[in-house]
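Only a predicted model underlies this, so the values are computations on that prediction, with no experimental measurement involved.
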Amino acid sequence: MRVRFAPSPTGSLHVGGARTALFNWLAARHADGQFILRLEDTDRERSTPESEAEILRVLRWLGLDWDEGPFRQSERGEVYSEAIATLKAAGAVYAAWETPEELDAMRAQAHADKRAPVVRGRRDHAPEDIAGFEAEGRRPVWRFAVPLPGETVIDDMIRGAVTFDHAQIEDFVVARSDGSPTYNLAAAVDDMEMGITRVIRGEDHLSNTPKQMLVIRALGGEPPEYAHVPLILGTDRKRLSKRHGAASVEELEADGFLPQPVRNALVLLGWSYDDKTTTFTADELIERFDVARVSKSPAVFDLKKLEVMSGRYLRTMDPAAFADVLVDYLEAVGYFAGKDPGAPALARSTAPLVQRKISRLSEYERLAGWLYRPVEFEPEAWAELAGDVRTSIQCIGGGLGRLEVLAEFSVDNIKDALSDQLHIQGLTARQFLEPQRIALTGQTISTGIYESLALVGRDESVARYRAALARLAESWEGGN
RNA sequence: GGCGCAUUCGUCUAGGGGCCUAGGACGCCGCCCUCUCACGGCGGUAACACGGGUUCGAAUCCCGUAUGCGCUACCA
C-alpha cells in the first residue's frame, strides 16, 4: 500500500492536518507500505518556505517519518504539462475564453434560477473569434469536458458509495491561462504518477474527488481507494481553526504537551479500537489501526482531554526520562534565559517534585517558579499570612525553631520535626503547614513542603523564614 | 440557491434487528485520602434529533423533516 500526506505549506500544521498525517502514517506502517510526503505548493501567493519547514519539523516531532519525498508540486511542472498535453490530445479538455465577468454572470444567473452553479465554457467559437481573442492578448484556460450525461461513484472506505451526477460537476479548470496546473489536475496526476493506492484525506475534499477520478480515468489510470475522514471541530462545532485556541500542533508543543499523548489524543478523534481502550503505544496503534473503522461524523477537539492524557503519560514516565524532557522543554521555551547558570541543573533536581503534579510541562513554573527567584509573595499568599498575623508568626516561628536545630536536614527528619511541632501547637496540618509553605515559597501552590525545604537546604530555608517573620512583624506593628 | 456528508450522555465514543431498563472514557457533582495544587479510590448525574414506515421486535434497515458541517475559484 502506498499512501500520502499532501499539505499545502500555507501555515503551520493544524490539528486536523496532523490527524490526517497520522492516519496515513498508521495505514502505511500497518500494511508495511510506503508513506509519501508531498507539498502542494502550487498556490504561489500563499505558500512559503517557512511554512514548509515548520510542517516538516512538526511531523518529525510527532514521530511521523516518511519514506519518500518531500516532493513539491512546484518542481514538477513538466509532469503536469505532459498530462495536460495528453488530455488535450485525447480531447478530454477544451480551451475556454470566458472572462471573469462572464463567469460571474453565469453563476449569478444559475443562482437566480435555483440551478446548480456549474460553468460550461463555450466550445463553438469561430476561428476568427479566437484569433481576435488572441490578438487582444487573452489566453484561454483549459477546462475538463465532464461527460454528459453520466455519474461518478466514490466507493469510500468510510462512507460507502457516494454518487455524483455529472450535471452537478462543472467543467473545472485544469490548466490556468498561464499554463500552470490547478489543484484538481496536479493532485490527480500526482496520485496516479506516484502510485498512490489509497487516499486518506479530510472530508472537505469529498466533492473534489469525482473531478480527480475523472482526470485519472481520462489519463488512462485507475483511481486509488478513497477514505474521507470527518473534519475536526472546535468547541463551537465549527471547523477547527486558529481562533479556537491551541489549534496547531506547534502551539500544543509550546504548551508543554509531548508527542506521545498528542498522537494518542489525535488518533482517538474519529477512531476507536473498542469500547474501552483509551491509551495506546505507537506499536499498538500500528497494529490495531484500521481506517475503515473511522467514524463518519465530525469530532470536537477537547483540549481538556488531551491534558488528562498528557498528565497520565507524564506520570508513567521513567523519572530520568521525565527529567530529560522537562529540562529540554524549559530550555526550548527559553525558561533559563537570564537565570543563573545552575538553573538547568536545578530544574533537573526538582523534576521528581513535580512529576506527579503536572499534566503539561508548562505547569512547571506554577509549582516551582519560586526556586528561581528571591522570595516574592504572591498577593493572595501574603493575604493569607497577614490575615492572622499572630498565628502566622507562631507557625513560622515554631517551624523555624525546629528546622534550625535539626541534626540532618533530610526530608524524613523535616517531616518528623514539623509533625511533632504541629501537635505541640495543637494545630491541624493544614493550619500549621500553610504558613510554612508561604514563608518558603511566597506561593499558595507549590512543590511539597518537606521536599522543598530539604531541596533548598537549611540556610536558605532559615533565611526565608526569617524574612517572612520580619515582614510579618512590620505589618503587626504597622497595624497597631 | 445547488450538490454532498453527518446526527448515541456536555465531549470522545461502543453499538451494525433481540445480549441495550444503551456500555466505557473525560468532564461535572458527592464522599474518601490528603501539607497546597494535584494523584489515587468509591459512588452519582447524563444520550439513541424529530416524524413516519418495515419487522413478532429498531439506537441499529427505509423514507421524510429539522439541524449542523463541507464544497460550490484561473485556492488547496
Side-chain angles (χ1 to χ4, degrees), chain A residues 6-10 40-43 45-47 73 96 98 100 103 107 110-119 139-143 154 156 158-159 162-165 167-170 172-178 180-184 186-187 202-210 228 230-231 233 235 237-239 265 268-279 295-302 304-309 311-312 315 354 356-359 363 366-367 381 384 415 418-419 422 428-434 436-438 441 443-450 452:
Chain A
S8 47
T10 55
E40 308 214 317
D41 58 352
T42 51
D43 183 347
E45 310 277 285
R46 297 191 300 148
S47 302
Q73 292 189 326
E98 283 73 15
L103 295 177
R107 286 192 259 256
H111 192 278
D113 297 347
K114 302 193 175 188
R115 291 187 347 254
V118 299
V119 166
R139 291 286 172 274
V141 296
W142 290 81
R143 289 184 181 275
I154 307 169
D156 194 273
I158 295 173
R159 290 152 210 286
V162 181
T163 304
F164 288 87
D165 184 338
Q168 303 296 334
I169 303 176
E170 74 174 4
F172 53 99
V173 174
V174 126
R176 302 187 183 105
S177 46
D178 66 357
S180 65
T182 59
Y183 164 73
N184 281 126
E203 187 192 340
D204 49 338
H205 287 288
L206 193 56
S207 29
N208 286 319
T209 302
H228 287 94
L231 299 177
L233 276 26
T235 43
R237 304 210 70 98
K238 289 275 187 343
R239 187 192 193 152
L268 253 13
L269 245 28
W271 176 82
S272 65
Y273 174 64
D274 57 20
D275 63 339
K276 295 204 165 50
T277 319
T278 54
T279 57
S295 142
K296 289 194 269 275
S297 50
V300 173
F301 178 61
D302 183 5
K304 185 70 192 169
K305 196 158 300 187
L306 204 211
E307 214 168 294
V308 170
M309 287 180 185
R312 274 214 265 269
R315 268 172 258 127
V354 300
R356 277 184 31 218
K357 297 181 169 231
I358 63 178
S359 58
E363 288 176 309
R366 185 175 69 108
L367 251 28
E384 220 172 286
K415 179 172 184 176
L418 291 183
S419 302
L422 74 87
T428 66
R430 172 165 188 156
Q431 290 170 317
F432 180 71
L433 263 7
E434 274 315 286
Q436 324 269 327
R437 174 195 312 287
I438 296 170
T441 69
Q443 307 177 176
T444 53
I445 295 172
S446 75
T447 42
I449 295 174
Y450 312 125
S452 297

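Checked by distance alone, A/K304 brings no side-chain donor or acceptor within 3.5 Å of a matching partner on the base of B/C26.
For A/R356, the side chain to side chain donor-acceptor pair (under 3.5 Å) test picks out no residue, with sequence neighbours left out. A/E363 pairs by the salt bridge (Lys or Arg N to Asp or Glu O under 4.0 Å) definition with nothing, not counting sequence neighbours. A/R430 is linked by a salt bridge (Lys or Arg N to Asp or Glu O under 4.0 Å) to nothing, counting only residues two or more places apart in sequence or in another chain. Residues satisfying the side-chain contact (heavy atoms from CB on, under 4.5 Å) criterion with A/D275, sequence neighbours excluded, are absent altogether. Residues satisfying the salt bridge (Lys or Arg N to Asp or Glu O under 4.0 Å) test with A/E307, not counting sequence neighbours, are A/R360. By the side chain to side chain donor-acceptor pair (under 3.5 Å) test, A/T182 pairs with no residue at all, sequence neighbours left out. Qualifying side chain to side chain donor-acceptor pair (under 3.5 Å) partners for A/T279, counting only residues two or more places apart in sequence or in other chains: none. Residues that satisfy the salt bridge (Lys or Arg N to Asp or Glu O under 4.0 Å) test with A/D204, not counting sequence neighbours, are A/R239.
Judged by closest nucleotide on RNA chain B, A/D113 is the one of A/D113 and A/S8 placed further toward the 5' end. Comparing A/T278 and A/A116 by the nucleotide of RNA chain B that holds the closest heavy atom to each, the one mapping nearer the 5' end is A/A116.
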So which protein nitrogen or oxygen atoms get under 3.5 Å of nucleotides 12-22 of chain B's nitrogens or oxygens?
residue: B/C12; atom: OP1; partner: A/V300; partner atom: N; Å: 2.8
residue: B/C12; atom: O2'; partner: A/L268; partner atom: O; Å: 2.9
residue: B/U13; atom: OP1; partner: A/G270; partner atom: N; Å: 2.6
residue: B/U13; atom: O3'; partner: A/S272; partner atom: OG; Å: 3.3
residue: B/A14; atom: OP1; partner: A/S272; partner atom: OG; Å: 3.1
residue: B/G15; atom: OP1; partner: A/R293; partner atom: NH1; Å: 3.2

Taking only nitrogen or oxygen atoms into account, show me every contact under 3.5 Å that the protein makes with nucleotides 70-74 of chain B, one pair per line with its distance.
residue: B/G70; atom: O3'; partner: A/R239; partner atom: NH1; Å: 3.4
residue: B/C71; atom: OP1; partner: A/R239; partner atom: NH1; Å: 3.0
residue: B/C71; atom: O4'; partner: A/S207; partner atom: OG; Å: 3.4
residue: B/C71; atom: O2'; partner: A/S207; partner atom: OG; Å: 3.2
residue: B/A73; atom: O5'; partner: A/R107; partner atom: NH1; Å: 3.4
residue: B/C74; atom: OP2; partner: A/R143; partner atom: NH2; Å: 3.4
residue: B/C74; atom: O2; partner: A/S177; partner atom: N; Å: 3.1
residue: B/C74; atom: O2; partner: A/S177; partner atom: OG; Å: 3.0
residue: B/C74; atom: N3; partner: A/S177; partner atom: OG; Å: 2.9

Look for any protein N or O under 3.5 Å of an N or O in nucleotides 42-45 of chain B and output each such pair with its distance, or none.
none

Distances for protein N/O vs nucleotides 30-35 of chain B N/O pairs under 3.5 angstrom?
residue: B/C35; atom: O2'; partner: A/E434; partner atom: OE2; Å: 3.0
residue: B/C35; atom: O2'; partner: A/R437; partner atom: NH2; Å: 3.2
residue: B/C35; atom: O2; partner: A/R437; partner atom: NH2; Å: 2.8

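Remark: B/U7 base-pairs with B/A66; criterion is Watson-Crick or G-U wobble with both hydrogen-bond distances under 3.5 Å.
Nucleotides B/C61 and B/G17, compared at atom P, are 8 Å apart to the nearest Å. Nucleotides B/A14 and B/A6 have their P atoms positioned 15 Å apart, rounded to a whole Å.
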